[in-house]
Amino acid sequence: MAGSINKVTLVGNLGRDPEIRHTATGQKIAHLSVATSETWKDKSGERQERTEWHRVVIFNANLADFSERFLKKGSKVYVEGALQTRKFTDQSGQDRYTTEVVLGAFRGELVVLDGRSDGSSSSLSSDAGSSSSGWDATSLSGGTDSFDDEIPF
(Lines give C-alpha, C1' and ligand atoms only; values in the text may rest on other atoms or scores of the structure.)
Protein backbone atom coordinates (compact mmCIF):
# COMPACT_ATOMS: atom_id res chain seq x y z
CA MET A 1 0.00 0.00 0.00
CA ALA A 2 1.47 3.33 -1.07
CA GLY A 3 -0.13 5.57 1.56
CA SER A 4 -2.77 5.76 4.22
CA ILE A 5 -5.99 7.62 4.90
CA ASN A 6 -7.09 9.38 8.08
CA LYS A 7 -10.57 10.76 7.45
CA VAL A 8 -13.47 11.07 9.87
CA THR A 9 -17.02 11.97 8.87
CA LEU A 10 -19.62 12.80 11.51
CA VAL A 11 -23.26 13.84 11.30
CA GLY A 12 -24.60 14.82 14.68
CA ASN A 13 -25.77 17.56 16.99
CA LEU A 14 -23.77 20.04 19.05
CA GLY A 15 -24.00 19.36 22.77
CA ARG A 16 -23.12 22.97 23.62
CA ASP A 17 -22.34 26.26 21.91
CA PRO A 18 -18.92 26.35 20.19
CA GLU A 19 -16.09 27.28 22.52
CA ILE A 20 -13.76 29.83 20.95
CA ARG A 21 -10.16 30.23 22.13
CA HIS A 22 -7.14 32.10 20.83
CA THR A 23 -3.51 31.03 20.67
CA ALA A 24 -0.72 33.24 21.98
CA THR A 25 -0.30 34.50 18.40
CA GLY A 26 -3.99 35.39 18.13
CA GLN A 27 -5.12 32.46 15.98
CA LYS A 28 -8.79 31.60 16.58
CA ILE A 29 -9.55 27.96 17.45
CA ALA A 30 -13.06 26.53 17.82
CA HIS A 31 -13.90 23.53 19.99
CA LEU A 32 -17.12 21.62 19.30
CA SER A 33 -18.78 18.78 21.16
CA VAL A 34 -20.71 16.64 18.65
CA ALA A 35 -23.09 13.85 19.64
CA THR A 36 -23.85 10.94 17.33
CA SER A 37 -26.50 8.40 18.28
CA GLU A 38 -27.55 4.98 17.14
CA THR A 39 -30.77 3.19 18.00
CA TRP A 40 -31.73 -0.47 17.83
CA LYS A 41 -34.19 -2.93 19.30
CA ASP A 42 -32.88 -5.46 21.78
CA LYS A 43 -33.93 -9.14 21.94
CA SER A 44 -37.11 -8.23 23.83
CA GLY A 45 -38.04 -5.67 21.16
CA GLU A 46 -37.33 -2.71 23.43
CA ARG A 47 -35.79 0.34 21.78
CA GLN A 48 -32.22 1.06 22.88
CA GLU A 49 -30.04 4.07 22.16
CA ARG A 50 -26.33 4.79 22.52
CA THR A 51 -24.82 8.25 22.18
CA GLU A 52 -21.15 8.87 21.46
CA TRP A 53 -19.57 12.26 22.15
CA HIS A 54 -16.83 13.52 19.83
CA ARG A 55 -14.38 16.35 20.43
CA VAL A 56 -13.91 18.46 17.31
CA VAL A 57 -11.16 21.08 17.10
CA ILE A 58 -11.06 23.62 14.28
CA PHE A 59 -7.68 25.25 13.53
CA ASN A 60 -8.85 27.09 10.40
CA ALA A 61 -9.73 30.75 11.13
CA ASN A 62 -12.54 30.86 8.54
CA LEU A 63 -14.16 27.68 9.86
CA ALA A 64 -13.75 28.90 13.44
CA ASP A 65 -15.45 32.22 12.51
CA PHE A 66 -18.21 30.30 10.74
CA SER A 67 -18.71 28.14 13.86
CA GLU A 68 -18.82 31.13 16.16
CA ARG A 69 -21.34 32.99 13.99
CA PHE A 70 -23.70 30.22 12.87
CA LEU A 71 -23.55 27.28 15.29
CA LYS A 72 -25.26 26.85 18.64
CA LYS A 73 -26.18 24.07 21.03
CA GLY A 74 -28.43 21.60 19.20
CA SER A 75 -27.25 22.54 15.68
CA LYS A 76 -27.14 19.54 13.33
CA VAL A 77 -23.78 19.47 11.54
CA TYR A 78 -21.76 17.48 9.04
CA VAL A 79 -18.08 17.49 10.01
CA GLU A 80 -15.19 16.06 8.02
CA GLY A 81 -11.67 15.99 9.45
CA ALA A 82 -8.83 13.77 10.64
CA LEU A 83 -8.49 11.81 13.87
CA GLN A 84 -5.60 12.92 16.10
CA THR A 85 -4.53 11.87 19.58
CA ARG A 86 -2.47 14.27 21.66
CA LYS A 87 -0.74 14.06 25.01
CA PHE A 88 -0.99 16.72 27.71
CA THR A 89 -0.20 17.08 31.39
CA ASP A 90 -3.12 17.74 33.74
CA GLN A 91 -3.06 20.05 36.78
CA SER A 92 -1.84 17.25 39.04
CA GLY A 93 1.13 16.53 36.76
CA GLN A 94 -0.30 13.32 35.27
CA ASP A 95 0.09 12.58 31.57
CA ARG A 96 -3.27 12.40 29.81
CA TYR A 97 -4.32 11.64 26.26
CA THR A 98 -7.27 12.89 24.25
CA THR A 99 -8.49 11.92 20.79
CA GLU A 100 -10.08 14.61 18.65
CA VAL A 101 -11.43 15.13 15.15
CA VAL A 102 -9.27 17.94 13.77
CA LEU A 103 -10.16 20.33 10.96
CA GLY A 104 -6.81 21.80 10.03
CA ALA A 105 -5.82 24.91 8.13
CA PHE A 106 -6.11 23.21 4.73
CA ARG A 107 -8.31 20.16 5.37
CA GLY A 108 -11.78 19.74 6.68
CA GLU A 109 -15.38 20.61 6.03
CA LEU A 110 -18.23 21.89 8.14
CA VAL A 111 -21.86 21.97 6.97
CA VAL A 112 -24.86 23.20 8.94
CA LEU A 113 -27.66 20.72 8.27
CA ASP A 114 -30.53 22.41 10.13
CA GLY A 115 -31.65 24.63 7.27
CA ARG A 116 -32.79 28.11 7.99
CA SER A 117 -36.34 29.26 7.27
CA ASP A 118 -35.68 29.21 3.51
CA GLY A 119 -34.71 25.52 3.69
CA SER A 120 -31.09 26.07 2.64
CA SER A 121 -27.93 25.00 4.40
CA SER A 122 -24.54 26.64 4.82
CA SER A 123 -21.14 25.07 4.47
CA LEU A 124 -17.53 26.10 4.50
CA SER A 125 -14.53 24.05 3.49
CA SER A 126 -10.92 24.59 4.50
CA ASP A 127 -9.58 22.77 1.44
CA ALA A 128 -7.49 25.48 -0.24
CA GLY A 129 -7.72 23.81 -3.64
CA SER A 130 -11.48 23.37 -3.56
CA SER A 131 -13.91 25.56 -5.42
CA SER A 132 -16.08 25.48 -2.29
CA SER A 133 -13.45 27.20 -0.15
CA GLY A 134 -15.87 30.03 0.57
CA TRP A 135 -19.47 30.34 1.70
CA ASP A 136 -21.62 27.79 -0.08
CA ALA A 137 -25.34 27.71 0.57
CA THR A 138 -26.20 25.43 -2.33
CA SER A 139 -24.33 22.28 -1.38
CA LEU A 140 -27.31 20.43 0.08
CA SER A 141 -30.39 22.40 -0.91
CA GLY A 142 -29.76 23.49 -4.46
CA GLY A 143 -30.97 26.97 -3.46
CA THR A 144 -29.21 30.28 -3.26
CA ASP A 145 -28.47 32.46 -0.29
CA SER A 146 -27.16 35.88 0.57
CA PHE A 147 -25.48 36.93 3.77
CA ASP A 148 -25.80 40.36 5.37
CA ASP A 149 -22.13 40.57 6.38
CA GLU A 150 -19.28 40.89 3.94
CA ILE A 151 -17.16 37.74 3.65
CA PRO A 152 -13.66 38.43 5.05
CA PHE A 153 -11.63 36.55 2.42
Side-chain angles (χ1 to χ4, degrees), residues 3-39 49-91 94-153:
S4 60
I5 296 174
N6 180 353
K7 184 175 184 179
V8 175
T9 303
L10 300 172
V11 175
N13 295 85
L14 295 189
R16 62 179 184 253
D17 290 346
E19 182 179 322
I20 306 299
R21 297 182 184 166
H22 293 84
T23 65
T25 61
Q27 178 187 358
K28 186 181 283 190
I29 299 172
H31 293 261
L32 309 178
S33 179
V34 178
T36 57
S37 298
E38 65 175 313
T39 59
E49 182 175 9
R50 178 177 34 241
T51 301
E52 291 287 334
W53 288 95
H54 310 275
R55 296 173 185 260
V56 177
V57 182
I58 302 171
F59 289 102
N60 176 282
N62 293 330
L63 291 177
D65 284 338
F66 181 85
S67 299
E68 183 176 32
R69 294 177 62 196
F70 295 104
L71 299 181
K72 63 183 183 300
K73 180 179 178 179
S75 294
K76 188 171 197 74
V77 294
Y78 169 94
V79 175
E80 192 173 291
L83 200 60
Q84 290 185 9
T85 300
R86 65 180 170 88
K87 178 181 174 182
F88 65 97
T89 305
D90 68 13
Q91 293 176 346
Q94 297 293 314
D95 287 343
R96 303 282 183 193
Y97 295 87
T98 186
T99 301
E100 302 161 324
V101 177
V102 174
L103 283 70
F106 301 105
R107 290 187 146 174
E109 188 168 352
L110 178 63
V111 180
V112 180
L113 297 176
D114 339 274
R116 296 177 301 275
S117 60
D118 64 0
S120 66
S121 63
S122 296
S123 72
L124 189 62
S125 172
S126 63
D127 181 1
S130 170
S131 63
S132 65
S133 62
W135 299 99
D136 176 14
T138 61
S139 62
L140 296 177
S141 67
T144 59
D145 193 18
S146 63
F147 290 91
D148 295 334
D149 297 328
E150 186 169 287
I151 301 170
F153 45 85

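None of these values were measured; they are calculated from a predicted model. Residue numbers count from 1 along this sequence.
- Taking every heavy atom of both residues into account, Ser37 and Thr51 meet most closely at OG-OG1, 3.0 Å.
- What you find for Ser75 and Phe70 is that their closest heavy atoms are OG-O, 4.4 Å.
- Note that the CG atom of Asn13 and the CG atom of Leu113 stand 9.0 Å from one another [nearest 0.5 Å].
- Atom OG of Ser67 sits about 9.5 Å away from atom CG of Asn60, to the nearest 0.5 Å.
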Trace of the side-chain contact (heavy atoms from CB on, under 4.5 Å) decision for Val57 with Val101: CA-CA 6 Å; Val57 182; Val101 177; over 6 Å; no
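- Not a single donor-acceptor pair under 3.5 Å links the side chain of Glu80 to the backbone N or O of Lys7.
- The residue from Val56, Leu63, Val11, Ile58 that alone fulfils the side-chain contact (heavy atoms from CB on, under 4.5 Å) condition with Val79 is Val56.
- If you take OG1 on Thr36 and CZ on Arg50, they are separated by 10.0 Å, rounding to the nearest 0.5 Å.
- A donor-acceptor pair is defined here as one N or O able to donate and one able to accept, closer than 3.5 Å; such a pair exists between the side chain of Asn6 and the backbone of Leu83.
- Side chains of Lys73 and Leu14 form no contact here, defined as non-hydrogen atoms less than 4.5 Å apart.
- A side-chain donor-acceptor contact under 3.5 Å links Asp114 to the backbone of Lys76.
- Taking the side chain as every heavy atom from C-beta outward, Arg86 and Thr98 approach each other to under 4.5 Å.
- Considering all non-hydrogen atoms of both residues, Ile20 and Ala30 come closest at CD1-CB, 3.7 Å.
- Pairing each heavy atom of Ser33 with each of Trp53, the nearest pair is OG-CE3, 3.3 Å.
- Shortest non-hydrogen contact noted between Phe59 and Gln27 is O-NE2, 2.7 Å.
- The two residues Leu32 and Pro18 have their closest heavy-atom pair at CD2-CB, 3.6 Å.
- Atom CZ of Arg96 is separated from atom NZ of Lys87 by 12.5 Å, given to the nearest 0.5 angstrom.
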